[in-house]
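When a residue number appears, it is its place in the shown sequence, counting from 1. As a basis for the values below, the full set of heavy atoms in this structure was taken, side chains included, without hydrogen atoms, waters or symmetry mates.
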Amino acid sequence: MSFGISNGIISSCMKVPLLNDFAVMLSVYTKLISSPKIKEITIQELKDFFDGRMVYKKQYFENYTDLKNAFNFARKVLDYYSQK
């Protein structure tokens, strides 16, 4: 599974328990929830959170590469599972 980011970043991000849990949660969620409408609403709420609140005051974190990589990884995982 490739999210459009390097294998090195994927490997390092999957070692972070929070990011690993997020990726696994989305994987399981997309398999367990059978209602397409519920999936669509939930994924859209997550996207709204990522694109709104999580980037509010993003200038505070511009110098933190690990944090930016974690955000990019989580957002790409979300994009990947939103297409399923």
Partners of [X] by side chain to side chain contact (heavy atoms under 4.5 Å, CB included), sequence neighbours excluded?
X     : value
Ser27 : Lys31, Tyr81
Thr65 : Asn69
Leu46 : Leu26, Leu78

Once salt bridge (Lys or Arg N to Asp or Glu O under 4.0 Å) is applied, do any residues pair with Asp48, and if so which ones, sequence neighbours excluded?
none
Without placing hydrogens or testing angles, list every side-chain donor-acceptor pair under 3.5 Å for residues 11-21, not counting sequence neighbours.
residue : atom : partner : partner atom : Å
Ser12   : OG   : Gly8    : O            : 3.3
Ser12   : OG   : Ile9    : O            : 3.1
Asn20   : ND2  : Met14   : O            : 3.0

Same cluster or not: are Phe49 and Tyr80 linked, directly or through other Ile, Leu, Val, Met, Phe, Trp or Tyr residues, by side-chain heavy atoms under 4.5 angstrom apart?
yes
Among the clusters formed by ILVMFWY side chains lying less than 4.5 Å apart, do Phe73 and Tyr64 turn up in the same one?
no
Name every donor-acceptor pair, under 3.5 Å, that has one atom in a side chain of residues 50-62 and the other anywhere in the protein, sequence neighbours excluded.
residue : atom : partner : partner atom : Å
Asp51   : OD1  : Arg75   : NE           : 3.1
Asp51   : OD1  : Arg75   : NH2          : 3.1
Asp51   : OD2  : Arg75   : NH2          : 2.8

In the hydrophobic clustering (ILVMFWY, side-chain contacts below 4.5 Å, transitive), which residues join Val28, or is it alone?
Val24, Leu32
Under 3.5 Å, side chain of Lys39 to main-chain N/O of Ser34, donor-acceptor pair present?
no
Residue set satisfying side-chain hydrogen bond (donor to acceptor under 3.5 Å, both in side chains) with Tyr29, at least two apart, ordered chain then number -> Thr42
Among Lys47, Glu40, Gln44, find the one that has a side chain to side chain donor-acceptor pair (under 3.5 Å) with Ser82.
Lys47
CG of Asp79 to CD1 of Ile43, rounded to nearest 0.5 Å, is 9.5 Å
